[in-house]
Amino acid sequence: MAFPVVQSVLDPAALEKAVAALYNLAQPVRCRLVSRGMNDIYHLTAGAQRFALKVARAERADAAFAFEPAFIAHLDKTGFTVPTPVMTREGQLFFSVDAPEGPRQVMVTRWLGGTLLTKATTDEQAHKLGASLARLHLAGASFQPPMRRLVGVEIKLPERLPSLLELVGPDADMAGFLTRAAETIRSRLAALDPRVIPRGYCHGDFHYANIMVLADRSIAVLDFSDCGEDFMIADLTSFSWRADFDGVADYLNPEFIAGYDSVRQLMPAERAALPLFRAARHLGMACAFARHVNRIGPIASFDENLRYYLSMIRLFCAEAQIG
């Protein structure tokens, strides 16, 4: 019996053969791992052409994963620069392989060459990113998904919270606070009225580290692994969480929201609910980091500063009146 595997690394040579057999691409096909993480990214060449190849984590069945490439293809058609999937000979947007840990989906996409934004993002760039996210939400209104995919933090908290509690260890006060906060956040989100706080198709992890600036200074939106249906303002707190995480929130977050407002003005109830979603994002990401440590290893700046990030959860929960 094989020893259990959490997340394997797929053999590039085997991927080359699979891609050559499934796609109408020039020969030779060459594949090289360039990024190892929750999803593994490979640089793929086919003759003189360049592509990216994404191997998704063993987490979703094919039917659930299909939402992601379909949403990306939809955004491509509406004018966004995204890692558009390349179709197989049979017209499929991805294929699957049986990895030791379970089925993993493989998607060949266009290659986007550019520079990723960092915490050095300017307030002008933050404003443009807010406007871009608003346009993405508006474009999502015409998307017809192959199936429903719900991605709200309230869905993930019950499964992931125990991992964070384990990291907290014997600190009964913190464990009790985190448990109460999770219960309060879930109940408050469940009580929200989508008629006043609209839902839509969201990116799921929209922040500057997932934005690439291309040679012509335009931007490309990357990493749709967490895309799906959610309250649209949850997407705004993806950006604010990253800025909080990097200590640049004071000047980037207001500009980001202003940019969003310039395209899709937030409703009063949405604006009032932002502290709740900000707290939910911080707690949800801490739970995700704790859960995934045995898959991809420690998260830079998180594990060695756990107490600091737990204090941030307390801070933003207090702002949302969650005790």
Side-chain angles (χ1 to χ4, degrees), residues 71-72 74-84 112-143 151 153 196-227 230-282 284-285 301 312 315-316 319-320:
F71 188 46
I72 298 172
H74 172 78
L75 292 175
D76 174 67
K77 292 177 182 177
T78 57
F80 283 84
T81 303
V82 289
T84 312
L112 295 170
T115 303
L116 289 174
L117 288 177
T118 68
K119 65 181 181 181
T121 296
T122 66
D123 52 0
E124 180 182 2
Q125 288 172 322
H127 192 281
K128 290 181 179 178
L129 293 184
S132 181
L133 179 60
R135 287 192 292 271
L136 186 151
H137 287 165
L138 295 178
S142 59
F143 176 52
V151 294
V153 66
V196 296
I197 301 182
R199 298 178 65 87
Y201 297 120
C202 299
H203 179 278
D205 198 21
F206 192 98
H207 54 74
Y208 44 80
N210 282 331
I211 301 296
M212 179 176 284
V213 179
L214 306 181
D216 62 0
R217 308 309 298 168
S218 64
I219 66 168
V221 184
L222 310 178
D223 194 0
F224 285 80
S225 298
D226 294 317
C227 66
D230 198 358
F231 293 101
M232 287 188 281
I233 57 169
D235 249 2
L236 277 73
T237 55
S238 296
F239 184 95
S240 63
W241 163 82
R242 182 70 195 217
D244 293 335
F245 193 85
D246 286 337
V248 291
D250 288 348
Y251 68 94
L252 288 189
N253 287 345
E255 285 298 327
F256 180 79
I257 292 175
Y260 188 93
D261 260 333
S262 70
V263 175
R264 176 188 169 265
Q265 190 166 20
L266 291 171
M267 299 173 67
E270 289 182 283
R271 202 176 301 277
L274 278 171
L276 169 62
F277 280 89
R278 193 177 190 181
R281 179 70 178 184
H282 274 273
M285 290 302 297
S301 298
M312 291 179 69
L315 170 65
F316 293 116
E319 290 185 0

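Nearest heavy atom pair, residue Ala243 against residue Asn253, reads CB-OD1, 3.4 Å. Of all non-hydrogen atoms in Phe143 and Tyr201, the two that sit nearest each other are O-CE1, 3.7 Å. The two atoms that bring Ala279 and Phe316 nearest to each other are CB-O, 3.6 Å, heavy atoms only. The two atoms that bring Pro254 and Ala249 nearest to each other are CD-O, 3.6 Å, heavy atoms only. Scanning both residues, Phe224 and Pro83, for their nearest heavy atoms gives CE1-CD, 4.3 Å. Scanning both residues, Leu112 and Ala220, for their nearest heavy atoms gives CD1-CB, 3.8 Å.
Looking at residues two or more places apart in sequence or on another chain, you find a ring pair (Phe, Tyr, Trp, His ring centres under 6.0 Å) between Phe206 and His203. Scored by the side-chain contact (heavy atoms from CB on, under 4.5 Å) test, Pro198 finds Met232, Arg264, Met267, Glu270 as partners (sequence neighbours excluded). Taking the side-chain hydrogen bond (donor to acceptor under 3.5 Å, both in side chains) definition, one finds that Ser225 meets it with Asn39, Lys54, Asp223, sequence neighbours left out. Residues satisfying the salt bridge (charged side-chain N to carboxylate O under 4.0 Å, His left out) test with Asp261, not counting sequence neighbours, are Arg271. Considering only residues two or more places apart in sequence or on other chains, Lys77 meets the side-chain contact (heavy atoms from CB on, under 4.5 Å) condition with none of them. Partners of Ala273 according to the side-chain contact (heavy atoms from CB on, under 4.5 Å) rule, which considers only residues two or more places apart in sequence or in another chain, are Ile197, Ile233, Phe277. The side-chain contact (heavy atoms from CB on, under 4.5 Å) search around Thr78 returns His74, Leu75, Phe80, Ala139, not counting sequence neighbours. Scanning for side-chain hydrogen bond (donor to acceptor under 3.5 Å, both in side chains) contacts around Asp235 gives His137, with sequence neighbours left out. Here Asp244 pairs with Arg278, His282 under the side-chain hydrogen bond (donor to acceptor under 3.5 Å, both in side chains) rule; sequence neighbours left out.
Within the model, atoms OG1 of Thr81 and CD1 of Ile219 stand 8.0 Å from one another, a figure rounded to the nearest 0.5 Å. With values rounded to the nearest 0.5 angstrom, Phe231 atom CZ is found 5.0 Å from Arg199 atom CZ. Atom CG of Asn210 is separated from atom CG of Leu116 by 8.0 Å, given to the nearest 0.5 angstrom.
Side-chain contact between Ile211 and Leu222: absent, with no pair of heavy atoms (C-beta onward) separated by less than 4.5 Å. Using a 4.5 Å heavy-atom cutoff, the side chains of Asp246 and Leu252 are not in contact. Counting heavy atoms from C-beta on, the side chains of Leu133 and Leu236 come closer than 4.5 Å. Proximity of Ile257 to Leu274: side-chain heavy atoms (C-beta onward) are separated by under 4.5 Å at one or more points.
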Exercise. How far apart are the C-alpha atoms of Ile72 and Val82, what are their side-chain angles, what is the distance that settles it, and do they pass the side-chain contact (heavy atoms from CB on, under 4.5 Å) test?
Worked result: CA-CA 7 Å; Ile72 298 172; Val82 289; 3.6 Å; yes
For this session: Quick one: do Tyr208 and Gln125 satisfy side-chain contact (heavy atoms from CB on, under 4.5 Å)? Show the steps, please.
Result: CA-CA 9 Å; Tyr208 44 80; Gln125 288 172 322; over 6 Å; no
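Side-chain atoms of Ser240 come within 3.5 Å of backbone N or O of Thr237 as a donor-acceptor pair. Side chain of Tyr260 to main chain of Leu266: no donor-acceptor pair is present (N/O by atom type, distance under 3.5 Å, no hydrogens or angles).
Residues in residues 205-221 take part in these salt bridge (charged side-chain N to carboxylate O under 4.0 Å, His left out) pairs, two or more places apart or across chains: Asp205-Arg281. Among residues at least two apart or in separate chains, salt bridge (charged side-chain N to carboxylate O under 4.0 Å, His left out) pairs with a member in residues 115-127 are Glu124-Lys128. Counting only residues at least two apart or on different chains, no salt bridge (charged side-chain N to carboxylate O under 4.0 Å, His left out) pair has a member in residues 130-143.
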